[in-house]
K.L.:
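Below are the structure tokens for one structure; questions will follow.
Throughout, protein chains are lettered first and strands after them, A, B, ... in sequence-line order, and every chain is numbered starting at 1. Just so we're clear, the structure is a prediction, and the values are computed from it rather than from any experiment.
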There are 2 protein chains.
Amino acid sequence: MSKIQQRSLYLDVADRVRELIEQGDLAPGERISEKHLCERFGVSRTPLREALKVLASEGLVELLPNRGARVVRLTLKMVKDTYDLMGALEGLSGELACQNISDEGIRAIRTLHDEMLRHYRERNLPDYFRVNQRIHESILAASANEVLQETYSNLSQRVKRVRYSKKMTDDFWGNAVQDHEHMILALEARDGRRLGQILRDHLCNKLEVASLAGVVEDETALEVATS
Amino acid sequence: MSKIQQRSLYLDVADRVRELIEQGDLAPGERISEKHLCERFGVSRTPLREALKVLASEGLVELLPNRGARVVRLTLKMVKDTYDLMGALEGLSGELACQNISDEGIRAIRTLHDEMLRHYRERNLPDYFRVNQRIHESILAASANEVLQETYSNLSQRVKRVRYSKKMTDDFWGNAVQDHEHMILALEARDGRRLGQILRDHLCNKLEVASLAGVVEDETALEVATS
DNA sequence: GAGAGGTATTATGAATTCAAAATGCAGCCA
DNA sequence: TGGCTGCATTTTGAATTCATAATACCTCTC
């Protein structure tokens, strides 16, 4: 029995373009040729153009009237602003999670937390990242606020292209783990205010280790120096 | 000399549909007939459909595959969730504003504040609301975070349809003005933490006086009782 | 050889057309 | 009478077509 409800074509196209942007197959600032992508996806221009409009309203591409679309170039300021925002949202998610999460939910996150610690002790960065992300997702889900989840994931998508330094220093890593220790304690105490604050600060630290080279505008490095 | 840079048609259409929704000309849950709107706007289906896709990604309409579009029905939970989110964003805007605003900017807001107080004393609700909104907009602008501004205005648009009770009690009004007194003091002291907190709580109060009848799902009133 | 101007080509914007799905309605049967 | 089946109509989804703006290229002039 196959699925009855078929998704619209433009949604699939949008997903695929998002993927290309995230993977870097469509470079920042790169002109998006409608014809080229149509042939690549095997669809006509109509659904592709609809998809581009959606992606534009998501902030992933920009549409220049009569001159096509291009992948938005992230500036350092945009990334920083987005992180500030995501920090506030993470903070809210922590507060709400403490109000709404079940005891079982807390135990599940504790399990993830312990698993993450194992990966940390073994210096297994990929698995650490994976479990780390699941913890944050779990807290977000526990907030039981769908508008928040949707907004967060949109912002997250925008900066997904930014890759983090492979050579994350032990210092930063240690601090992050320390943050998580405090998080789980606050969560188990259902101290929303505290959990929120930790989550917010935690994200700010994350920004610091972000290696923005390549994805971010070069001229922006200049901005940093001058500001 | 006319403007050289013409906006795309779908943007104009999107604006007009947004207006119709905000004004209530398109009722919540109402089916949106492509043909009807095309004739009304004098455009073909292509730009209208592009506009609908954008509006869907903004959360104003929902697209049912093969069955057209409809104006989203706001549930009480959605409105509440959105306000929680907007509260967090207002809080952030306050913190950032204190960091970034100029002394002149503070003086400008103080002027607005005093003007608002005059309208309050004269019980001039429309002008009070207008100036009130300008204050919040000024703080948001002073945050110097465009991603924040854009996100806030999107969320704001979603719940714009919700009309506030004409019979706002003197109590609530007095409290709101009191909040504003604290706000301007925190701003003048550049106490971001405090301003943020006030703005957040201020918005929560606003929700309480919201008269949700008509725009919000009826079944939702039930949800309130059961939760 | 460099630059300006004009034409050809290409890409985008929007309308139209074609195909497929959903809706409405009439007739049929229990 | 009530509900189901099947056909006609309407509506949506997607491709195609047409018009217009942008780009590239070529020529002509200095």
K.L.:
Once you round it to whole Å, what is the distance between C1' of dA14(D) and OH of Tyr10(A)?
P.N.:
14 Å
K.L.:
Under 4.0 Å between a side-chain nitrogen and a carboxylate oxygen: does that hold for Glu34(A) and Arg45(A)?
P.N.:
yes
K.L.:
Given that Arg67(A) and Thr46(A) both sit by DNA chain D, which one's nearest nucleotide is further toward the 5' end?
P.N.:
Thr46(A)
K.L.:
Run the salt-bridge test on Asp84(B) and Lys80(B) with the 4.0 Å N-O cut-off and return the result as yes or no.
P.N.:
yes
K.L.:
Would you mind reading off the distance between Arg49(B) atom CZ and dT11(D) atom P, rounded to a whole angstrom?
P.N.:
14 Å
K.L.:
Could you tell me whether Glu146(A) and Lys77(B) have a side-chain N and a carboxylate O separated by less than 4.0 Å?
P.N.:
no
K.L.:
If the threshold is 4.0 Å, N to carboxylate O, is there a salt bridge linking Arg158(A) and Glu150(B)?
P.N.:
yes
K.L.:
Tell me every residue that passes side-chain contact (heavy atoms from CB on, under 4.5 Å) with Asn132(A), counting only those two or more places apart in sequence or in another chain.
P.N.:
Met116(A), Tyr128(A), His136(A), His180(A)
K.L.:
Select base, sugar-phosphate, or nothing to describe what Ile32(A) touches, counting heavy atoms under 4.0 Å on all strands.
P.N.:
sugar-phosphate
K.L.:
Please pick, from dA14(D), dA21(D), dT11(D), the nucleotide with the shortest atom-to-atom distance to any side-chain atom of Ser8(A).
P.N.:
dA14(D)
K.L.:
Whole angstrom is fine here: how far is it from CD in Glu34(A) over to C1' in dA22(D)?
P.N.:
13 Å
K.L.:
For Leu64(B) and dG13(D), what is the distance between atoms CG and C1' respectively, to the nearest whole Å?
P.N.:
14 Å
K.L.:
For a 4.0 angstrom threshold against heavy atoms of chain A, report the outermost contacting nucleotides of DNA chain C in 5' to 3' order.
P.N.:
dA11(C) to dG13(C)
K.L.:
Starting at atom NZ of Lys35(A), determine the distance to atom P of dT17(D), rounded to an integer number of angstrom.
P.N.:
15 Å
K.L.:
Once you round it to whole Å, what is the distance between P of dT12(D) and CZ of Arg45(B)?
P.N.:
7 Å
K.L.:
Could you tell me the separation between the NZ atom of Lys53(A) and the C1' atom of dA14(D), rounded to a whole number of Å?
P.N.:
15 Å
K.L.:
Whole angstroms only, please: what is the CZ-P distance between Arg31(B) and dT10(D)?
P.N.:
14 Å
K.L.:
Check Glu50(A) with Lys53(B), please: is the shortest side-chain N to carboxylate O separation under 4.0 Å?
P.N.:
yes
K.L.:
Is any side-chain N of the basic residue among Glu115(A) and Arg134(A) closer than 4.0 Å to the acidic one's carboxylate O?
P.N.:
no
